[in-house]
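Structure first, commentary second.
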Amino acid sequence: MPREDVVDAPAIAEGLCVSQVFQSNMVIQRDKPLVVWGWAAPTEEVKVTFGDASSTATAGEDRRWAAALPGMPASAEARQLMVRGATETLTLDNVLVGDVWVLGGQSNMEFEVAKVENGALEIATAHYPLIRILTVPYNVGPERHESFERLHEWSDWFGRHFRKGDWDVCSPEVVAELSAVGYAFARRVHMGSGVPIGVIDASRGGTAVESWVPLETLRGMENAALQQKLEEWDAKVAAWSAEPGDRPNPLADMNYPGNGYAGMLGPLLGLSVKGAIFHQGYNNSLDGMRGVRLYREVFPKMIDEWRAAFGDPDLPFGILSLCTDGYPQTLDDYLEKMLNAGIHIRAEHYRTFLQMRERGDENIGFASSYDLRRRWYHPQVKLPAGERLARWALSTQYGFGDQLLWEPPKLLGYEATDGGLILRFDVEVNDPEDGEILGFAIAGEDRRFQPARASHVQVGENDRGQPQYDRKQLRLSSPLVSEPTHYRYAWGRNPLGNLQRTANKDLPVATQRSDDWDMGTVPLGVLKEEIVDRLTRAQQNQVRQALRQEDERRKIAEARAVLEASEGSQRDGQKK
């Protein structure tokens, strides 16, 4: 095939047609009304039939028609969906009724089964005829796309074609190019629920969160970082001309605000689905603290808009936090590795989850991914991440309840006492290997963080004089932080951190912090000039050097303590 897109079927055909979201092999969402839409001759009457249900609609002057069918129970029986016009009949074969989940985000959601650890095993065993797969082709706005082409999509990045736009039965031949996170999620949900599962992958690599929100919504938000971003895009559009040799049209950029929503979610608007899972954040982290400030308000709004897009304000929505990137954080470079906007984005994922849960949202889900670490910014450990979200879905949406634990340990509160911080969790926490708890840092008002020693709080002794501990409480301390006021946990892009719910539940404590300090203000007073939203390279180097010095100060203090202890031991030996 030529090194370009090869189209098998247009987005909207001549004569009677349905949106390409409706095809043979698809899954229809159970227990919700089904709206089927398409195009025909103006004023043409169209009848849609599925099983014993049917509905009639009339095409408007714009050729568009839509017919609504009542909700139906789950069924693994392969049936036909018939669309009859005045002179034509369309037949969609092998249609099932079950649950449809939408996959959203950027490349770490898009990352295919063929590229992940144990991907070959998953491909070889992917014989699941009741799981159906649809990958939405790349489209951009700013106008909403009502359908999409079925095509072999050419990728300059990978130098090959990807087949997109077709509903397929899950098989080894098909699953290799599906999202690994999405496949692991779908496989587990299908195995647990026993109902047909459809997955629609609408993710796209390299996209920022503002691409996935309607442009008109973004323009109405009072967020300074967002409005600054919109002004920059507006300036690019105003400066662009269609003259030969001019740069590409900014309106056709995948990250023009709203373009992902209009181009890739647009064809799905009005479709009944069960829920969505989302994994994104890398591109917003490239914008420093400005990206974080934007993300803090745009991400929750994005969730609201996706729920509205699918006509369900309570739509289950699972958040998979930002994955790792770069060499692992160690005690040698602990503080230097805290300077990264991606950590703040990851913390915003958890913060959004907590805020929505606290206001009574029972359909918001969350799973960490930072402990599934690899040095590459596309960590290949994707299957366990998808299965963590599947635990949330099965527990909350499929009746498994406490049989499948999914919520990360939650901090109930903390207080400063006796030169340390006491943290109280809702469940018992520990290192799963019963070793030293790693990953906490504490700081005082000077904002000079240091790694903290974490230990369970002793609450008494048993009748044999052995200490008894409250494993829901941790005490954090450091000899270099005499009056701590705040803590951070797993605060690295590839963080040092091993705290989980006890008893090997695979529930890591999420990346979080108690402070609200921006990059560039930690440590306090390093930058004398006014702190801007996005640090310059010189400012980053200045702060990084200060953090390195703090790492060196700690290592010197630790070495001195070892020497003093050794000398004390020698003196004690001489006295004896």
Side-chain angles (χ1 to χ4, degrees), residues 18-37 48 50-51 69 71-81 92-105 109-110 112-113 122 126-137 147-148 150 163-171 173-203 264-265 267-278 306-307 309-312 315-318 386 389-390 393-394 397-398:
V18 290
S19 167
Q20 293 290 12
V21 78
F22 302 104
Q23 299 177 27
S24 296
N25 301 320
M26 73 176 297
V27 173
I28 290 173
Q29 177 59 42
R30 61 171 168 162
D31 301 330
K32 288 185 177 182
L34 170 67
V35 177
V36 180
W37 65 89
V48 178
F50 185 72
L69 298 176
M72 293 160 274
S75 173
E77 177 188 356
R79 287 180 282 181
Q80 291 182 329
L81 191 152
L92 311 185
D93 295 314
N94 195 19
V95 176
L96 310 180
V97 182
D99 285 339
V100 180
W101 288 87
V102 178
L103 317 179
M109 175 62 88
E110 201 177 12
E112 312 98 284
V113 174
E122 293 297 338
H127 298 282
Y128 293 100
L130 299 186
I131 295 178
R132 307 296 172 83
I133 297 165
L134 168 65
T135 300
V136 178
S147 187
F148 48 79
R150 298 167 67 176
R163 184 164 168 255
K164 293 185 178 181
D166 294 298
W167 274 104
D168 287 311
V169 178
C170 181
S171 67
E173 294 75 23
V174 168
V175 81
E177 293 187 0
L178 179 65
S179 154
V181 169
Y183 171 69
F185 174 86
R187 172 173 52 79
R188 285 295 187 183
V189 169
H190 169 61
M191 293 168 69
S193 67
V195 303
I197 297 294
V199 285
I200 301 177
D201 185 0
S203 59
M264 299 189 67
L265 214 63
L268 310 180
L269 298 191
L271 183 69
S272 293
V273 302
K274 175 63 176 178
I277 59 175
F278 195 79
W306 279 44
R307 285 172 160 173
F310 296 109
D312 186 351
L315 188 81
F317 193 98
L389 282 178
L394 288 169
Q397 308 301 318
Y398 294 91

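Throughout, numbering of the chain's residues begins at 1 and tracks the sequence. These values consider heavy atoms only, across backbone and side chains, with no hydrogens, waters or symmetry-generated copies.
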side-chain contact (heavy atoms from CB on, under 4.5 Å) partners of [X], counting only residues at least two apart:
X: L92; value: F22, S24, L81, V95
X: P267; value: H145, F148
X: S203; value: M109, E110, D201

Taking salt bridge (charged side-chain N to carboxylate O under 4.0 Å, His left out) as the test, write out the residues that go with D99, two or more places apart. R30
Go through the structure and list residues passing salt bridge (charged side-chain N to carboxylate O under 4.0 Å, His left out) with R163, not counting sequence neighbours. D166, D168
Quick check: do V18 and V48 have side-chain heavy atoms less than 4.5 Å from each other? no
Compare all side-chain heavy atoms of I200 with those of V136 and state whether any distance is below 4.5 angstrom. yes
What residues form a side-chain hydrogen bond (donor to acceptor under 3.5 Å, both in side chains) with [X], not counting sequence neighbours?
X: R187; value: E122, E387
X: D93; value: Q80
X: W101; value: Y398
X: S75; value: none

Would you say the side-chain atoms of H127 pair up with the backbone N or O of S171, donor to acceptor, closer than 3.5 Å? no
Rounded at 0.5 Å granularity, tell me how far CZ in R188 sits from CD1 in I197. 14.0 Å
With sequence neighbours left out, what residues match [X] under ring pair (Phe, Tyr, Trp, His ring centres under 6.0 Å)?
X: F310; answer: none
X: Y183; answer: none
X: W167; answer: none

Do you know the tightest heavy-atom contact between P73 and V97? O-CG1, 3.2 Å
